[in-house]
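Only one structure is covered here, and it is reproduced in the block below.
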Amino acid sequence: MLTVKGLSYFYNPERLILKDISFDLESHDILCLLGPNGTGKTTLLRCMLALNKMKSGSIKIDGNDLTKASIKKRAEMMAYVPQATMMAFPYEAREIVQMGRVTHLATGGSPSKEDWRLAEEAMEKLGILHMSRHLFNEMSGGEKQMVLIARAMVQQAKILIMDEPTANLDYSNQIKMLQVIKSLAEQGYSILMTSHFPDHAFLACNRAVLMRDGYIMAQGLPEDIVNTENLTKLYATPVCVTEARLDFQDRMIKVCIPVMN
Amino acid sequence: MKIRSNDHFKLKIILLGCFTLALFLASFLVGRYAISIRTVIDIILSQFINIPQYWDDTLNTVILQVRLPRIVLAILVGGALSVSGASYQTLFKNPMVSPDILGVSAGAGFGAALAMINGATWWEVQSVAFIFGLIAVIAAYTIAHFFGGNTITVLILAGIVVSSLFHSLISIIKTLADTDNQLPSITFWLMGSLGKGTNSDVLMMLPALIFSLSLIYIFRNQINTLAAGEDEAITMGVNVPLVKLVVVVSSTLMTVSAVSVCGIVGWVGLIVPHIARMLTGANFSKIVVTSFLVGGAFLLMIDDIIRGVEGVELPLGVLTALVGTPVFVFLLSRVKKGWT
C-alpha cells in the first residue's frame, strides 16, 4: 500500500539526517518505529507528511507518487496524530474532532449533519463521546490523544501517522491506546507509530523498524529483530530482551529491560 | 447522544443581532436635539417608502447626515477591528495579539499621515496606509520568527518594537507638518474620533470591508484549523500559505479602513474576540460572526458615551482604553486556564 524508497533528508549536505530509508506498509499493518532520541524519527514522519521536503527518494501509495499529490489529496490518504499539546484557545473536544473534516467541506460551507455524524461515530468508537463538550485543554493526556485520533479518523485517510502515541501516559492509558491502535488496524487502517517503548512492538505491532543515526539498522517482525543484541546496539546501552511468565494466564511474553551496570 | 445538541449558536446570534439593532436605534436619541424613537424610525423609513413628513427639516439633517453616518461607522469600525483581532489571534495562535499590539494600526497610521501631509486623495491615503500596515505585521512576524521561535511573548514584544518605531515616525511627520492646518488635523485624527464621519466615509469604507469580511468568512473553517498550528493544518489538507495570505491581507485591510476613518483605536481588537469566545466558544467559524456583532455594539456604546458627554468631545482611543483595560483584567482572571 505505502512504499517508501531511498528517502534521504538533510539540512546541510555534509550531514545527512536521513539516509536511504526504505520500508513499506500494508493495510492492517502496525509498524513501530524505534530509535534513540535525535535519530531522525520525527524528521522521517515530517518528510512523509510533506512538512519537510525530502531530498531524494520516493513515497508511493498504491503506486501513485505522493510527492506529486496536492496537500488536499495527501490529507485524504494520510492523517497525522500529533502528540497532545495545549491549544491557545478554549476549544471543545468535538470542535477539535470536527477540524478533521475541513478538506471535505465545500468552499465556504459549514459542517453538515453527515460531518457531525462522522465526528460522533469516531468519538463513540474511542469511548470519548461523553466528553464531546469538555474543554480540550482541561482533558488528561490520554483523553486528548483520543480526541486527536478521532480527528484523524474523520479525515477518512487510510494511513495514520502517529508521533509517540503512548508518550506521557500511565500503564493503563498505554494499554488502552495500544488496544485502540490494534482495533484501528483491524478496521483496515495502516498505522505507522514511533515509540520509546520497545515492549510496545511486542504488545501491539506486527512490524518493527529500528532506526539509528538516520539509517535503518534492522526491520522485520518484532519477534525476529527486537532482541538483546539489536536493542543494545540501537540504544548504545545494555538492554535485555527476556521472557516473562504471566502466572495467571500461564503464557510467556517478551519484555525489554534496560540494564544499569 | 447527539454531539451538536445544546449549542444555541443561531439563537445567540439572533439575540446579539437584536441587541445591536436596538442599540443602533437607541443611539439616535443621544445628543443635543431631543427626538422620539418613533420619529427616528419614520425618518429612516421615509428614505425607502412614502411617509408624510411631520417633523422639522433640521431633524432630517441631524438624523441622516450627522447621527446616521457616525452610528454606522462606529459599528463598522468596531466590527472590523474585532474580526481583524480575532483573525490575527487565530493565525498566530496567540490570544494576546491585536491590530494595535502587532503594530498594524501604527503602521497604517504612519502611512496615512505620510500621505496626508503630501496632500494625497482618500484612495492614496488608503493605499499608502495599507502598504505600511502590511509592512508592520510582516516585520513583527519576521522578528518573532527569527529571534524567538514564535512564542506568545516574543511576538508581542516584536509588535511593541514595530509599533513604537512607527509611532516615532508619526512624531517625525508631526514635526514636519504645517502647524496651522495639517498638524491639528493629523493629531486630532490620530487620537481617534468618529465625530467627522460622513455618509461618504461610510460608502468609501464599505467595499474594502465587505471584500475582507467575505474572504475571511469563506475561509473561516480553514482559518480555524490554524489554531491547531500550521503543521497540523497542512496535514489536515489546508493550503496554509494561501490561508495565511487571506488572513494577513484581509485583517490588515480592515484595520487600515478603520484607522483611516478614525485614527488609532486600541483595545477593541484585543478584548472583543475574548468576549466573543466566552459567548459562543473558541471555534473561529463562530467567533468571526460573534466578534463583528459584539465589536460593533461595543464601539457604538463607547461612542454614545462620547456623544452623551456635553461640551467636550473625548477622543475615542482614550475611551476604549479607559473601558478596555479593566475589561481585559477581568478577562485575564476568567480565562487564564485556556492560556499558557
Side-chain angles (χ1 to χ4, degrees), chain A residues 45-46 48-52 70-82 85-111 113 115-117 119-120 123-124 129-130 132-133 135-138 148 151-152 154-155 157 161, chain B residues 1-7 9 86 89-97 152 214-243 273-274 276-278 280-287 289 334-340:
Chain A
L45 298 195
R46 291 182 60 87
M48 298 184 60
L49 292 160
L51 299 175
N52 287 11
S70 66
I71 287 177
K72 188 176 153 65
K73 271 268 142 45
R74 186 184 287 248
E76 282 164 11
M77 295 189 274
M78 199 185 262
Y80 176 51
V81 181
T85 47
M86 289 289 279
M87 293 286 288
F89 306 107
Y91 275 86
E92 288 175 10
R94 61 183 183 141
E95 290 172 322
I96 304 275
V97 176
Q98 190 54 255
M99 280 183 185
R101 292 299 298 160
V102 70
T103 44
H104 299 275
L105 299 179
T107 310
S110 291
K113 279 211 175 92
D115 292 318
W116 282 109
R117 195 192 58 76
E120 204 174 290
M123 295 180 91
E124 169 98 74
L129 189 54
H130 63 287
S132 66
R133 308 242 12 200
L135 288 182
F136 182 76
N137 285 345
E138 290 174 3
L148 295 175
R151 188 180 77 184
V154 301
Q155 204 172 314
I161 309 276
Chain B
M1 186 170 159
K2 279 265 180 291
I3 61 176
R4 269 190 93 188
S5 57
N6 194 23
D7 190 319
F9 176 64
Q89 289 180 358
T90 309
L91 169 66
F92 295 123
K93 293 207 309 174
N94 191 331
M96 304 293 278
V97 297
I152 288 182
S214 322
L215 261 186
I216 287 194
Y217 188 76
I218 288 170
F219 282 92
R220 65 194 185 284
N221 288 302
Q222 279 80 358
I223 298 171
N224 185 45
T225 60
L226 289 177
E230 290 180 19
D231 285 349
E232 288 180 35
I234 290 174
T235 65
M236 287 185 255
V238 174
N239 185 344
V240 168
L242 175 73
V243 175
H274 291 292
R277 283 189 196 98
M278 287 167 100
T280 57
N283 194 336
F284 183 78
S285 55
K286 287 177 182 165
I287 59 164
V289 183
R334 279 291 304 271
V335 297
K336 63 176 179 228
K337 253 191 262 174
W339 298 355
T340 41

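Naming convention: chains lettered A, B, ... in sequence-line order (proteins, then strands); numbering from 1 in each chain. Bear in mind the structure is a predicted one, so any value in this text is a computation, not a measurement.
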task: Answer yes or no: is there a donor N or O on one side and an acceptor on the other, between the side chain of B:N283 and the main chain of A:Y91, under 3.5 Å?
output: no
message: Tell me whether B:R220 contacts the main-chain N or O of A:G108 through its side chain, where contact means a donor paired with an acceptor under 3.5 Å.
response: yes
Check whether any side-chain heavy atom of [X] lies under 4.5 Å from a side-chain heavy atom of [Y], and answer yes or no.
| X | Y | value |
| --- | --- | --- |
| B:D231 | A:R46 | yes |
| B:N239 | A:S70 | no |
| A:L49 | B:I234 | no |
| B:V238 | A:T103 | no |

How long is the gap from [atom1] on [X] to [atom2] on [Y], to the nearest 0.5 Å?
| X | Y | atom1 | atom2 | value |
| --- | --- | --- | --- | --- |
| A:L148 | B:E232 | CG | CD | 6.5 Å |
| A:E95 | B:N224 | CD | CG | 7.5 Å |
| A:T107 | B:I218 | OG1 | CD1 | 8.5 Å |
| A:T85 | B:K93 | OG1 | NZ | 6.0 Å |
| A:F89 | B:R277 | CZ | CZ | 4.5 Å |

message: Given heavy-atom pairs under 4.5 angstrom as the criterion, report whether the side chain, backbone, both or neither of A:Q155 touches chain B.
response: side chain
query: Is chain B contacted by the side chain of A:R101, its backbone, both, or neither, given a heavy-atom distance below 4.5 Å?
result: neither
message: Counting heavy-atom pairs under 4.5 Å with chain B, which one of A:A157, A:S110, A:A152, A:G100 comes out on top?
response: A:S110
task: Consider only side-chain N and O atoms of A:R74 and B:T235, and report whether a donor and an acceptor are under 3.5 Å apart.
output: no
- request: Mind listing the closest non-hydrogen atom pair of B:N94 and A:A88 along with its distance?
  value: N-CB, 4.5 Å
- prompt: Should the heavy atoms of other residues, nucleotides or ligands under 6.0 Å from CD of A:E124 be counted, would the total exceed 12?
  reply: no
Structural part of B:S285 lying under 4.5 Å from a heavy atom of chain A: neither
